[in-house]
There are 2 protein chains.
Amino acid sequence: MAETGARDRHEAIHHELRRRICLLDYPPGMKLSETELAEDFGVSRTPLRRALARLEDEGLLQSQHGVGTFVTDASLAELEQVYQLRLELVELTGRLDPIPADAAYRARFDALLQRSADIVDRGTARVFTEFDIEVFQTLLDLIGNQPLRQVQERLYYQTKRIWLTLAMQAKLDLQEEFRIFHHELEAISLALDAQDPAALAQLQRAHISMSFKRLQQASPS
Amino acid sequence: MAETGARDRHEAIHHELRRRICLLDYPPGMKLSETELAEDFGVSRTPLRRALARLEDEGLLQSQHGVGTFVTDASLAELEQVYQLRLELVELTGRLDPIPADAAYRARFDALLQRSADIVDRGTARVFTEFDIEVFQTLLDLIGNQPLRQVQERLYYQTKRIWLTLAMQAKLDLQEEFRIFHHELEAISLALDAQDPAALAQLQRAHISMSFKRLQQASPS
DNA sequence: GTCAATCATCTTGTATACAAGTGGCGGTGC
DNA sequence: GCACCGCCACTTGTATACAAGATGATTGAC
């Protein structure tokens with residue numbers, strides 16, 4: 001833990017902003033004010049700008065001198081390559097140093113599975129997205145290859161906004177989406193019990209692929 | 001081209017520092033001075049620190065409050081996961097939107113092939129590394145999937161230092177390394193002529209794999 | 001002599017003042 | 001009425017002063 005403490009602060013701001021962008025609190029095209037954000041987080045512009053710079057490197061923001069800092073678009077067409085890469089990478093998570101799930105992890109995942117059932121009954125698009133992020137972060141812990149884990153995380157946040165965007169435009173059948181996701185979690189739970197990381201990865205790949213197909217159908221091509 | 005001009009300056013500094021780290025001008029463990037670097041580039045610490053922050057995110061630097069900014073180690077053991085991931089990713093470059101090589105590109109590559117022959121005769125470890133970077137950048141232009149290209153570039157600079165480190169410790173047979181690399185370029189040239197991106201990717205994968213094996217044998221495990 | 005505490009000096013991290021740049025608003029000439 | 005020019009408010013980018021932190025030397029007590 002050679003962390004300086006400052007690094008933690010940067011990470012916290014970066015994570016929070018990334019979360020807000022992903023949940024469309026800051027929708028695509030929105031102009032962000034550096035001074036306002038700095039006040040929100042109780043820091044000056046300097047450390048805040050470090051977080052903004054990283055988000056810009058990650059493709060979630062774009063700054064223009066003298067104009068403003070804007071949330072980037074999340075169009076399916078532009079992010080199709082990201083989706084295709086995600087498909088391949090998630091399959092790699094089953095082959096490159098997969099971390100076996102112990103009893104504690106399975107208990108943790110079962111808790112998620114329980115909550116998933118609730119969401120099917122009385123969930124909203126936003127609650128579902130928050131839950132999806134939590135599930136994703138949990139599944140990241142099974143990736144032993146650290147650089148692969150980092151890339152996966154980056155690509156996830158680039159593409160996840162699309163689902164919520166279409167969902168809020170009522171282009172998606174939420175009940176159907178919730179039900180499919182719950183089914184995916186049940187399948188993953190089986191793969192965890194079977195201690196078969198490759199199968200787990202292929203399950204995820206299949207669902208990402210199908211989700212992408214549904215988004216394509218819902219999106220005005 | 002909405003680039004503000006400032007972005008270009010950041011990129012230039014980032015690229016130059018990355019190059020110096022990769023070529024061991026700044027060897028692992030070296031302490032970098034922000035003020036000195038700022039003077040070198042003719043800017044203040046503020047924009048320089050943005051480049052340093054990005055290099056830290058990319059794993060090439062590490063800063064400690066009150067102590068200094070240090071070049072990270074490039075041990076084969078720690079970067080084995082990066083190598084394994086590179087193996088898989090380079091294979092993907094042949095499947096995800098590969099860009100066919102036109103006549104102009106083949107001419108460009110042939111020029112590299114010519115220079116490669118010279119290096120076999122009278123090259124040094126450093127000249128070879130500079131050339132390797134140039135070849136790598138050229139091959140990047142065949143990757144149509146942009147996020148894949150970005151990840152490839154990041155991982156390359158993380159691992160490339162290892163070769164030069166071992167080479168300067170006289171742990172590698174330079175003549176053999178040069179000869180093998182020239183052979184790889186000849187094979188790649190054939191794949192370009194054959195317009196077979198998948199074969200090209202597999203050739204690269206094979207050579208990365210063999211290079212990794214040689215590094216493992218040369219490294220004191 | 002040895003140990004410990006304090007201070008000097010260096011580093012990175014932060015806050016703030018200022019420069020560079022953009023866009024809009026209004027005045028002005030016609 | 002309309003086109004054009006200049007000014008002004010606002011934003012991001014940069015430079016600089018200052019705070020926080022760490023290391024090593026130095027000085028003092030014992």
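In the text below, chain A, chain B and the rest are named by the order of the sequence lines, each starting its count at 1.
- Where B/G66 and B/T46 meet DNA chain C, the nucleotide closest to each residue was compared, and B/G66 sits on the side nearer the 5' end.
- In this structure, the CG atom of B/D8 is 13 Å from the C1' atom of D/dG13, given to the nearest Å.
- We find that NZ of A/K31 is positioned 12 Å from C1' of C/dG24, with the value rounded to whole Å.
- The separation between B/Q64 atom CD and C/dT12 atom C1' is 10 Å, rounded to whole Å.
- Between A/R7 atom CZ and D/dG21 atom C1' there is a gap of 18 Å when expressed in whole angstrom units.
- The nucleotide whose nearest atom lies closest to any side-chain atom of A/S44 is, among C/dT16, D/dG13, C/dT12, C/dT16.
- With hydrogens and angles left out, the side chain of B/R45 and the base of C/dG13 share a donor-acceptor pair within 3.5 Å.
- Side-chain N/O atoms of A/T35 and base N/O atoms of D/dT11 include no donor-acceptor pair closer than 3.5 Å.
- The CZ atom of B/R20 sits 11.5 Å away from the CG atom of B/L55 when rounded to the nearest 0.5 Å.
- Across all strands shown, B/R9 has heavy atoms under 4.0 Å from sugar-phosphate atoms exclusively, and none from any base.
- Here the side chain of A/P47 is nearest to one of D/dA22, C/dA15, C/dG21, namely C/dA15.
- To the nearest 0.5 Å, atom CG of residue B/L164 and atom CD of residue B/E130 are 9.5 Å apart.
- You'll find that the side chain of B/V67 is closest to D/dA22, out of C/dG21, D/dA22, D/dG21.
- Note: CZ (A/F41) to C1' (C/dA15) measures 18 Å, nearest angstrom.
- The side chain of B/S63 lies closest to C/dT12, out of D/dA15, D/dG13, C/dT12.
- The shortest non-hydrogen separation linking A/F131 to A/R115 is CD1-NH2, 3.7 Å.
- Nucleic acid contact for A/T69: sugar-phosphate only, since backbone atoms but no base atoms lie under 4.0 Å from a heavy atom of the residue.
- Side chain B/S33 to base C/dT11: no donor-acceptor pair is found below 3.5 Å.
- Picking from D/dT16, D/dG13, C/dT12 the nucleotide with the shortest atom distance to the side chain of B/E34 gives C/dT12.
- Closest of all the heavy-atom pairs between B/A38 and B/L48 is N-CD2, 3.8 Å.
- To the nearest angstrom, P of C/dA15 lies 10 Å from CG of A/L48.
- Remark: P of C/dG21 and NE2 of A/H65 are 6 Å apart, rounded to the nearest angstrom.
- Among the heavy atoms of the strands lying under 4.0 Å from B/L32 are primed sugar atoms or P, OP1, OP2 only; no base atom is included.
- To the nearest 0.5 Å, atoms CD (A/E58) and NE2 (A/H14) are separated by 3.5 Å.
- Between A/I13 atom CD1 and C/dT14 atom C1' there is a gap of 11 Å when expressed in whole angstrom units.
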